[in-house]
Amino acid sequence: MKLKITGITFKYASEPILKNVTMELGKREILGLIGPNGAGKSTLIKCIDKILKPLGGSILLDGQEIRKMTRREIAKHIGYVPQTSSGCFPATVFDTVLMGRYPRTGWGSSDRDIEKVAEVMELLKIERFALRNFNTLSGGEKQKVMLARALAQEPKVLLLDEPTSNLDIKHQLEVMEVIRDIVRYKGISAVVAIHDLNLAARYADKLVMLHKGGIFAGGYPESVLTYENIKKIYGVEAEVKKGPYGLYVLPLKPASYSAVMENRVFTSVE
Amino acid sequence: MGSESVSKTVLKEQYTKFIGKKILFIVVLVIFLILLMGFAATLGSASITMKEVYIAILRRLLPNFAISKPLEAELSDIIVWRLRLPRIMLGVTAGMGLATAGTVMQAILRNPLASPFTLGIASAASFGATLAIILGIGFGFAGGTLVVANAFIFTMLASIIIFTLANYKGATPGMMILIGIALSFTFSASTSLLQFFGDPEEVAGVVFWMFGCLGRASWSNVTVISLVLLICMSYLIWKSKEFNVLNAGDETAKSLGVNVEQLRLVSMLVASFVTAVIICFTGIIGFIGLVCPHICRMLIGGDNRFLLPASCLLGAVVLLGADTVARTIISPVIIPVGIMTSFFGGPLFFYLLMRKREEYW
């Protein structure tokens with residue numbers, strides 16, 4: 001499965017959010033989307049899944065234009081994991097994962113659906129709370145359940161919108177490991193919007209750094225996560241080091257630290 | 001691998017049992033409803049037994065079925081088919097329809113407070129009826145049909161307004177509820193204004209219409225409601241899995257292949273149509289549409305494939321039960337069933353909320 005995005009543009013009420021974004025993703029690859037808040041990471045992910053409709057450009061999934069596919073067809077190929085989610089009404093974890101089978105089956109749930117749900121729940125080790133209410137789970141547990149739901153779709157591309165943003169460090173690592181393993185073993189691809197530059201550097205094969213809706217830099221982590229790029233995009237001076245587990249980024253101070261202090265320190269004491 | 005597949009088998013068994021419980025609940029409700037219908041038919045000035053009731057019913061449904069003597073049978077036939085069954089059937093079908101509409105509206109608006117009445121639909125019906133009763137204007141012929149036609153048309157008008165505005169502004173749950181509230185206030189104020197200028201007698205007529213009762217039952221209106229119910233229920237149950245997916249939020253539902261806006265608008269129209277067809281004959285009967293879905297959800301969970309039929313049956317049981325009490329408690333005075341449902345429903349719901357399981361939101 002190959003995902004090819006060319007010249008995607010999107011606007012919210014005439015405010016451009018994405019400008020001419022172009023990228024490519026191959027099989028068994030994880031693409032990390034990084035960039036400060038408001039850079040357009042979530043919007044790009046939603047455009048890929050046609051949750052939002054881009055104004056221009058094309059998104060090809062193995063040569064097929066996504067815009068011409070029905071939602072159901074897309075759902076058979078692309079699994080989306082939202083940042084957070086809470087149902088209004090109680091639904092068990094099992095039923096929540098079973099939703100992932102919706103694009104592939106009609107009204108009932110066949111034995112194959114039940115089998116598949118049980119399989120992904122086992123894979124993510126969430127079977128012990130199968131009949132608990134999804135809304136009562138912790139952030140990390142919810143994230144795994146939503147991932148399980150996306151996997152139950154048997155997708156070829158996974159889209160994850162900041163999967164680690166609400167998790168403690170153990171769950172962050174667990175979720176990222178699971179994503180990487182699944183991508184490798186099932187031969188699928190993943191696009192992961194992520195805030196944590198260290199996790200991005202460690203788990204993504206390629207990185208795309210977004211800035212104000214456009215691509216600022218793209219490529220292997222070493223070429224994207226540089227002192228200059230981070231300073232320019234995030235306004236932070238950081239040390240980028242190469243360690244035994246890949247790159248790591250140690251943020252040192254805001255690039256305009258002294259200026260901020262002068263203006264703020266007195267006004268904030270009220 | 002061995003131990004893993006054991007846990008998978010356990011998981012599948014657990015789920016099968018979980019589904020089994022839901023089906024059992026529905027079966028129990030069906031049996032209970034049949035018994036309640038039989039019991040309700042025995043009550044009244046002429047007393048007949050439940051056995052006679054069922055025989056009278058079966059004689060017509062299966063013409064070859066003849067157990068009792070002709071003369072006795074004829075009497076119970078008249079009592080059951082002509083006097084009591086229309087009212088009972090109106091109670092059953094109205095209860096089913098209102099509960100279904102409530103369940104669907106809660107699901108598509110993802111709001112536990114949604115019901116046919118929170119969307120301003122009931123206020124619209126009241127306004128239509130008031131217009132007919134006080135000013136004598138409206139659609140349809142004079143007299144009773146004027147009120148019925150008016151109530152129906154204004155109900156549909158309200159839902160079309162919600163439909164159009166929501167379609168224009170984006171069919172999000174919040175938008176639809178706010179439009180409903182705005183409509184509700186507009187129509188209630190208009191109703192009050194008409195009442196203010198109306199004669200005392202006419203105002204009394206309006207008030208009585210708004211109570212909601214099953215006294216206007218006839219085979220013709222039961223037939224109309226049943227047909228509408230049959231068609232609309234089929235559509236809604238067909239869509240029930242999409243309602244499940246919708247619970248996870250619009251974006252997730254879209255990513256799973258549901259055409260969210262279309263589903264929400266069409267289902268809203270269908271649910272309003274069911275409501276309109278019912279309340280134009282019965283007047284305002286609150287509580288059923290709001291609370292039956294909640295009670296069922298507390299008992300069997302939120303899977304709409306089971307929740308819809310269960311809630312529909314519970315609606316029938318509750319409305320018929322309430323009407324049975326209403327017409328016997330201080331007989332021969334018949335209390336309007338709309339008063340009964342809200343009167344007993346409120347405290348009952350209170351009780352259920354207080355002792356709800358922790359997991360229910």
Side-chain angles (χ1 to χ4, degrees), chain A residues 45-46 49-52 70-76 78-92 94-96 98-109 111 114-115 117-119 121-123 125 127-128 130-136 146 149-150 152-153 155 159 161, chain B residues 1 3-19 103 106-107 109-114 173 237-260 262 293-294 297-298 301-307 356-361:
Chain A
I45 282 193
K46 286 172 191 168
D49 207 11
K50 212 174 135 186
I51 295 170
L52 298 173
T70 64
R71 284 203 187 290
R72 220 177 154 109
E73 274 168 2
I74 296 172
K76 286 179 193 168
I78 301 181
Y80 166 70
V81 181
Q83 209 172 111
T84 50
S85 169
S86 231
C88 163
F89 297 110
T92 63
F94 197 100
D95 283 323
T96 306
L98 190 61
M99 286 177 192
R101 299 302 299 167
Y102 169 76
R104 294 188 176 270
T105 45
W107 190 84
S109 0
D111 289 345
I114 306 287
E115 176 75 30
V117 169
E119 189 188 307
M121 289 183 75
E122 199 179 33
L123 181 71
K125 299 188 179 64
E127 67 270 39
R128 60 204 151 80
L131 294 185
R132 265 181 61 194
N133 177 359
F134 175 76
N135 293 346
T136 64
M146 292 190 293
R149 177 174 62 202
Q153 288 171 251
L159 303 174
D161 195 355
Chain B
M1 196 64 207
S3 69
E4 275 172 13
S5 50
V6 168
S7 80
K8 214 160 93 178
T9 321
V10 170
L11 186 59
K12 281 191 275 184
E13 262 169 37
Q14 261 185 331
Y15 188 69
T16 317
K17 219 190 253 174
F18 179 66
I19 295 290
T103 315
Q106 287 174 11
L109 299 177
R110 278 206 307 275
N111 189 316
L113 289 177
I237 287 186
W238 174 48
K239 291 286 178 193
S240 58
K241 211 170 173 182
E242 296 187 22
F243 298 147
N244 288 351
V245 177
L246 203 56
N247 188 39
D250 281 14
E251 286 179 357
T252 303
K254 282 181 189 174
S255 79
L256 288 168
V258 175
N259 201 337
V260 173
Q262 191 197 325
H294 286 292
R297 219 178 272 119
M298 286 178 201
D303 186 341
N304 285 289
R305 288 175 298 167
F306 303 98
L307 181 65
K356 74 185 176 187
R357 285 179 310 181
E358 233 174 275
E359 300 205 341
Y360 195 70
W361 60 84

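All values below were derived from every heavy atom in this structure, side-chain atoms included, with hydrogens, water molecules and symmetry-related copies excluded. So you know, we letter chains A, B, ... as the sequences are listed, proteins then strands, and number each from 1. Worth saying up front: this structure is predicted, and the values here are computed from it rather than measured.
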K.L.:
With the side chain counted from C-beta on, respond yes when B:F18 and A:D95 share a heavy-atom pair under 4.5 Å apart, and no when they do not.
P.N.:
yes
K.L.:
What is the distance from atom CG of B:N244 to atom OG1 of A:T96, rounded to the nearest 0.5 Å?
P.N.:
9.5 Å
K.L.:
In terms of heavy-atom proximity below 4.5 Å to chain A, should B:I237 be classed as side chain, backbone, both, or neither?
P.N.:
both
K.L.:
Return the option, out of B:I19, B:T16, B:V258, with the maximum number of heavy-atom pairs under 4.5 Å with chain A.
P.N.:
B:V258
K.L.:
Does any backbone or side-chain atom of B:N247 lie under 4.5 Å from a heavy atom of chain A? Answer side chain, backbone, both or neither.
P.N.:
both
K.L.:
Does the side chain of B:T252 reach to within under 4.5 Å of the side chain of A:R149, using non-hydrogen atoms?
P.N.:
yes
K.L.:
Need one label for A:K76: side chain, backbone, both or neither, based on atoms under 4.5 Å from any heavy atom in chain B.
P.N.:
neither
K.L.:
Would you mind checking which part of A:I51 comes under 4.5 Å of any heavy atom in chain B, side chain (CB onward), backbone (N, CA, C, O), both or neither?
P.N.:
both
K.L.:
Check the pair B:K254, A:R71 against side chain to side chain contact (heavy atoms under 4.5 Å, CB included), reporting the backbone distance first and the verdict last.
P.N.:
CA-CA 7 Å; B:K254 282 181 189 174; A:R71 284 203 187 290; 3.7 Å; yes
K.L.:
Examine whether an atom of A:E119 lies under 4.5 Å from a heavy atom of chain B, and if so say whether it belongs to the side chain, the backbone or both; otherwise answer neither.
P.N.:
both
K.L.:
Considering all heavy atoms of both residues, which atom of B:G257 and which atom of A:A75 are nearest to each other, and what is their separation?
P.N.:
N-CB, 3.7 Å
K.L.:
By a 4.5 Å heavy-atom criterion (distance strictly below it), what part of B:D250 contacts chain A: side chain, backbone, both, or neither?
P.N.:
neither
K.L.:
Is there a side-chain contact between A:L98 and B:Y15, using heavy atoms and a 4.5 Å cut-off?
P.N.:
yes
K.L.:
Let me know if A:M146 has heavy atoms under 4.5 Å from chain B in its side chain, its backbone, both or neither.
P.N.:
neither
K.L.:
Heavy-atom distance under 4.5 Å to chain B: side chain of A:P82, backbone, both or neither?
P.N.:
side chain
K.L.:
For B:L11 and A:A130, work out which heavy atoms get closest and say how close.
P.N.:
CD1-CB, 3.1 Å
K.L.:
Looking at B:K239, B:K12, B:Q14, which has the largest count of heavy-atom pairs under 4.5 Å with chain A?
P.N.:
B:K12
K.L.:
Quick one: pull up OG1 in B:T9 and CD in A:E115 and give me the separation to the nearest 0.5 Å.
P.N.:
8.5 Å
K.L.:
From A:M99 CE over to B:L246 CG, what is the distance, rounded to the nearest 0.5 angstrom?
P.N.:
9.0 Å
K.L.:
Taking the side chain as everything from C-beta on, heavy atoms only, tell me whether B:E251 gets closer than 4.5 Å to A:Y80.
P.N.:
yes
K.L.:
Of all the heavy-atom pairs spanning A:F89 and B:Q106, show the shortest one and how long it is.
P.N.:
CE1-O, 3.2 Å
K.L.:
Please give me the minimum heavy-atom distance between B:S255 and A:Q153, naming the atom from each residue.
P.N.:
O-NE2, 3.8 Å
